Amino acid sequence: MSSIDDPITHYDRIARAWQYLLGEDFHYGYFRAANDSLKIATDNLTTLMAESGSVGPGLSVLDVGCGIGNPACHLAERYGCQVTGISTSPAGVEHARRRAQERGCSDRVSFTIADGMDNRLPDASFDRVWVLESSHLMPRKDALLAECERVLRPSGRMVLCDVVLHRDLPLSEVLGRAQEFIHLHYAFGHAKMETLRKYQQWAELAGLRMTELRDISEQTFPTFAHWRRQVESNSEAVRGLIGDDGLEHFRASCEILPTLWNQRLLGYGLMVAVKK
Ligand code: SAH
């Protein structure tokens with residue numbers, strides 16, 4: 001397996017560069033107003049997910065694919081919940097622990113290395129499962145959703161946001177777009193996008209009942225213009241961290257992704273499901 005095919009190595013390597021490109025949150029923005037900054041919009045997405053998933057005081061939340069810990073700290077500070085963040089990236093977990101200490105919320109959040117497709121956490125131990133832009137990195141989404149169901153308490157909720165396919169992609173089209181997908185692959189890691197309908201099928205097979213499926217492609221679209229600006233204003237620092245190739249793959253991705261959005265091939269989805 002080359003380093004790009006291994007999400008652990010990939011995330012360790014790019015985490016610092018991404019802070020320049022994406023900010024402190026490793027996810028898209030949800031733009032409510034045209035002049036929202038990227039920081040406001042990425043916070044908006046966290047808020048939208050929290051509200052959709054009825055995250056509230058005293059609840060225990062599992063954050064699957066916790067990045068460098070910002071969403072987990074946000075949930076603990078703003079919503080008063082107890083959060084366990086998991087990630088396959090040792091550097092991400094280390095970074096997230098430091099962050100929680102600096103923000104003074106380490107009594108309410110903890111981070112540990114675990115795989116979302118086989119997390120080894122006890123059955124029925126969380127009120128909410130939170131999956132923010134990590135599912136596309138997990139090849140076995142059926143296993144991810146089964147694990148989400150297993151660790152939820154009865155009537156607990158899973159809330160998930162991610163980049164999704166709007167329609168199935170025939171192999172001929174994948175081959176025709178090979179160059180575009182290569183850029184995306186090197187910029188964002190070994191990803192596998194699926195349609196919201198497929199997520200729904202896997203969730204239902206796992207014993208979850210979908211209560212909300214929302215297409216938020218339009219509200220996330222302005223993210224690309226912000227990323228483009230961040231690449232240009234931080235190009236030297238990013239080049240120093242991920243090299244010329246890394247910079248070029250990200251730059252190209254900022255052109256390719258909006259095209260795929262406009263062609264209604266890729267988009268962004270939010271889903272909420274309840275454990276039966
Ligand atoms: N949710 C965070 C980070 C999103 S980036 C945020 O919004 O800021 C994707 C995250 O998923 C990274 O932390 C990466 O290490 C993690 N990840 C990738 N594959 C994973 C897996 N199989 N299990 C758990 N985490 C995974």
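Computed from a predicted structure; not experimentally measured. Counting starts at 1 for both ligands and their atoms, in listed order.
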Minimum heavy-atom separation for Asn70 and Glu24, please, with both atom names.
CB-O, 3.7 Å
In Thr84, Asp123, Asn119, the residue satisfying side chain to side chain contact (heavy atoms under 4.5 Å, CB included) with Val151 is Asn119
In ligand 1, which numbered atoms sit nearer than 4.0 Å to a non-hydrogen atom of [X]?
| X | result |
| --- | --- |
| Glu133 | 4 (C), 5 (S), 9 (C) |
| Ala114 | 23 (N), 24 (C) |
| His27 | 6 (C), 7 (O), 8 (O) |
| Asp115 | 21 (C), 22 (N), 23 (N) |
| Gly116 | 21 (C), 23 (N), 24 (C) |

State whether the shortest distance between N or O atoms of [X] and N or O atoms of ligand 1 falls below 3.5 angstrom.
| X | answer |
| --- | --- |
| Gly67 | yes |
| Phe26 | yes |
| Leu132 | yes |

Does ligand 1 have a heavy atom under 4.0 Å from the side chain of Pro71, from its backbone, from both, or from neither?
side chain
Trp261 ring center within less than 6.0 Å of Tyr28 ring center:
yes
What do you reckon, does Thr88 put a non-hydrogen atom under 4.0 Å from ligand 1?
yes
Between the side chains of Glu232 and Arg229, is the shortest nitrogen-to-carboxylate-oxygen separation below 4.0 Å, so that they form an ion pair?
no
Salt-bridged, Glu77 to Arg103, with N to O below 4.0 Å?
yes
Exercise: do Tyr268 and Thr223 side chains pair donor with acceptor under 3.5 Å:
no
For a 4.5 angstrom cut-off between non-hydrogen side-chain atoms, does Leu265 reach Glu173?
yes
